[in-house]
Structures are given as structure tokens and as C-alpha cells.
2 protein chains.
Amino acid sequence: MDETTGAIESEMAMLLRLADRNRRSPALESTLDRSAYLVLSVLEQHQVANISTIAEALRLDASTVTRQVVTMEAAALVERRRDPADGRGTLVVATPHGIAQLAATREVRSAVYADVVADWSPADRGTLAALLHRLNADLDRYARRH
Amino acid sequence: MDETTGAIESEMAMLLRLADRNRRSPALESTLDRSAYLVLSVLEQHQVANISTIAEALRLDASTVTRQVVTMEAAALVERRRDPADGRGTLVVATPHGIAQLAATREVRSAVYADVVADWSPADRGTLAALLHRLNADLDRYARRH
DNA sequence: GTCATCTATCTGTCTACTACAGTTAGATGA
DNA sequence: TCATCTAACTGTAGTAGACAGATAGATGAC
């Protein structure tokens, strides 16, 4: 077990804590909560998706996605329709309101991170973004293998 | 709003999701959960700490720490005593069992991350650890300012 | 010394997020 | 056409956390 890996682990533990704390930052008040934000991000890429596609993209249990989508439908962020090609399936699409909320939330959240890394050099920010991207890919691979 | 900041934001959103998912990885079964792990990490540095010190270190509400510590006491991970210098205060110390569990949990969690970044170069791992450290410091500053 | 005020903790209550087990309705192949 | 498979949904439960209010102990001005 090398030093660096231990450091990554402990930084990650603290990062998760602090990022969770940030979730309740006043800046994010009246924006989408994380689950709706992620579901709409998936819909942005797929246009239309069924429950299992969303669950798979976010590594969530389908029952979790069902409930999130039901809540989001009540908030008029998405619409649900029966899949004409498969009567068991539910097709989910973002509403214009959902799309607008996604954009607004993304704006606010990005502004928060812009503030957090305000005095980083562009090069460091680029490196961070790249390493996080790679880390996500590897975490995803790990989750699939286990 | 520059591109890179937007990328950092979306990578962070996904990172939080995937890391949360990892929390339930079979590898972590029968190790400390995140809250106990973090509380014991704080105690490792302070030896003895009262509730507010722990809350402050982890940016948690004191009521949250109270409950975590009560739970941990029931699991024999910590002991609580009345502060002799201040009858309102509660001093918390790790038990030998708590210390052993912290070490074991750290081992397992580090091994998971070792697996995740297995094919990274040592240089890239070092860069990741350093940038995460810096990001944590800046998130912490952000949380304090807002 | 005593009282008003401050502070450390604890309790009550609530929310967000998620999983697992079990049910149901529709699809599908022998 | 029936056994089986599968997509989604419902019931239930657990973790992690906040905020508001209660309580008991500390402290400073007088």
C-alpha cells in the first residue's frame, strides 16, 4: 500500500464530506437537487430514455430512478409515457421547464466551483478536470467489476 | 463561465454519485461507515476532542456529531466522559477497538483506491492527490465564507 | 454572591438519497 | 399457449445530515 494511494483515499473521504456540505450552500437554494440534476443530464444526452437506461447510466437501482422520475414529473421537470414498443417500459423526456432548470442549475453550480478554484491557474484547472474525468471512468469500471 | 469550470462541476457531480455507490461495495462490508471513519480520523489527530471540535473539523452540525458519537459509543469505538473542566462538555476518546477499526478500514479503503487507479503512473497519482488536497482546502474555505 | 446571558450538548423532527425484496403486467420463445 | 423472462413499481428500511428548541452548566457585570 503506497503512501500516495493512502493520501488519495483520505482526500477522497474528506472531499465527499465537504462536497456534500456544499450541497446545502445558500447559493444552490432553489436549484435542482443532485438527483434531478443527474437524471436531467442523462436525458440531455439521450433525449428519451426508459427507467433502466437512466439507472444504468447513473449506476442507480431502477426503483430509485422510478421514484426520482415520479417526483420530477410532479415538479413538471419530465414527462412519462408508456413505451409504444414495449408496454412494460416507461419513456421519460425532459420538459422545456426541465431543460431550463437544468441549464440554470448548471450555471449556478459552475459558478460555485469557479469561486472555489478562483485562484487556480488555468493549467491546474485543466489538469483537475482531466484527472477527475479519468478517475470517474476508473471508478465506473471498478463498480462494474464488483 | 469558462469551459473548464463547467467540466470540473459536472465531473464532481458524477464523482459524488459514483463514490456514494462505491460506499456499498462488497469490499467495504464490515468496515466502518464513512461517518465513524471520519470521526475516528479526527480523534486520531486530537487524541481527545469534544463534540464541537469534531463538528468543526468535519463541518458538521453538532447535533449530527452527538448522534454519531452515541452510536459509536454503543459499538465500543469511542468512550465519552464529562469534561472535568467544563460540565457542559463531552470529551470523546477512541478506544483501542476504535483505533484498530480505523486502521483496518483505512487499509481496505486504500486498497479499493489502489485498485481503481491501478494503471495510473505514480506521477499522475501524485498529481491527483495534490490537486484533491488543494481542492479540499478551497472547498473548506468556500464553506467557511458562505 | 446572584442574575442575565452565553454556550455545549442533546432531543425532536424532517429531508434527501439510496438499496433490496417482492409484486405485477407485459413480452417472448418452445 | 404456457412457462419464463423482464421492466417498472411498491413496501420497507438504512445512512447521512440539518434546523429548531430544550436543558444544564459557565461567566461576567454588578
Side-chain angles (χ1 to χ4, degrees), chain A residues 13-26 28-39 48-75 78 80-92 105 143 146, chain B residues 13-14 16-26 28-39 48-75 78 80-92 143 146:
Chain A
M14 196 59 188
L15 180 64
L16 297 182
R17 167 67 205 117
L18 291 175
D20 189 71
R21 151 99 206 193
N22 243 26
R23 199 157 57 84
R24 278 169 265 258
S25 151
L28 297 183
E29 196 150 1
S30 77
T31 61
L32 296 172
D33 49 32
R34 195 182 76 206
S35 56
Y37 180 60
L38 287 172
V39 168
V48 180
N50 57 25
I51 299 291
S52 4
T53 303
I54 298 170
E56 148 76 11
L58 298 174
R59 285 304 156 270
L60 287 168
D61 192 90
S63 67
T64 300
V65 175
T66 293
R67 271 184 259 261
Q68 287 176 353
V69 163
V70 166
T71 303
M72 290 171 73
E73 185 180 41
V78 296
R80 295 197 300 162
R81 338 188 160 122
R82 171 138 306 180
D83 185 346
D86 184 340
R88 295 166 302 177
T90 299
L91 295 181
V92 186
T105 298
H146 297 77
Chain B
M14 197 59 188
L16 297 183
R17 168 64 204 120
L18 291 176
D20 190 71
R21 152 98 206 194
N22 244 27
R23 199 157 57 82
R24 277 169 265 259
S25 151
L28 298 183
E29 197 150 358
S30 78
T31 63
L32 296 172
D33 50 31
R34 195 181 77 206
S35 55
Y37 179 61
L38 287 172
V39 168
V48 181
N50 56 26
I51 300 291
S52 4
T53 303
I54 299 171
E56 148 75 12
L58 298 175
R59 287 300 157 274
L60 287 169
D61 191 88
S63 66
T64 299
V65 174
T66 293
R67 269 184 261 259
Q68 286 176 353
V69 163
V70 166
T71 303
M72 290 171 73
E73 186 180 41
V78 296
R80 295 196 300 161
R81 338 187 159 122
R82 171 139 306 179
D83 185 346
D86 184 339
R88 295 166 303 177
T90 300
L91 295 180
V92 186
H146 297 78

[N] OP1/OP2 closer than 4.0 Å to side-chain N/O of [X]:
X: A:R34; N: D:dA16; answer: no
X: A:Q68; N: C:dT18; answer: yes
X: B:T66; N: C:dC10; answer: yes
X: A:S63; N: D:dC9; answer: no

Original post:
Given that A:L91 and B:A85 both sit by DNA chain D, which one's nearest nucleotide is further toward the 5' end?
Top reply: A:L91

Subject >> side-chain hydrogen bond (donor to acceptor under 3.5 Å, both in side chains) pairs, two or more places apart, involving residues 65-74 of chain B >> reply: B:E73-B:R80

Measure [atom1]/[X] against [atom2]/[N] and give the value in whole Å, please.
X: B:D20; N: C:dA16; atom1: CG; atom2: C1'; result: 11 Å
X: A:R23; N: D:dT15; atom1: CZ; atom2: P; result: 17 Å
X: B:D86; N: C:dC6; atom1: CG; atom2: P; result: 17 Å

Given [options], the nucleotide with the shortest approach to the side chain of [X]:
X: A:L60; options: D:dG11, D:dG17, C:dT18; answer: C:dT18
X: A:R82; options: C:dA19, C:dG26, C:dC10; answer: C:dG26
X: A:R24; options: D:dT10, D:dA8, D:dA18; answer: D:dA18
X: B:A62; options: D:dA20, C:dT18, C:dT9; answer: C:dT9
X: B:S52; options: C:dC10, C:dT9, D:dG17; answer: C:dT9
X: A:D33; options: C:dA19, D:dG17, C:dC17; answer: C:dC17

Subject >> Check: C:dT9 base within 3.5 Å donor-acceptor of B:R88 side chain >> reply: no

Original post:
For the base of D:dG11, is there a side-chain donor-acceptor partner from A:R67 under 3.5 Å away?
Top reply: yes

Check every strand shown and say whether [X] touches a base, only sugar-phosphate, or nothing at a heavy-atom separation below 4.0 Å.
X: B:T90; result: sugar-phosphate
X: B:D61; result: base
X: A:S35; result: sugar-phosphate
X: A:D83; result: nothing

**OP:** Could you point out which residue of A:V39, A:V65, A:I51, A:N50 forms a side-chain contact (heavy atoms from CB on, under 4.5 Å) with A:V92?
**Re:** A:I51

Subject >> Watson-Crick or G-U wobble mate for C:dA30, both contacts under 3.5 Å >> reply: D:dT1

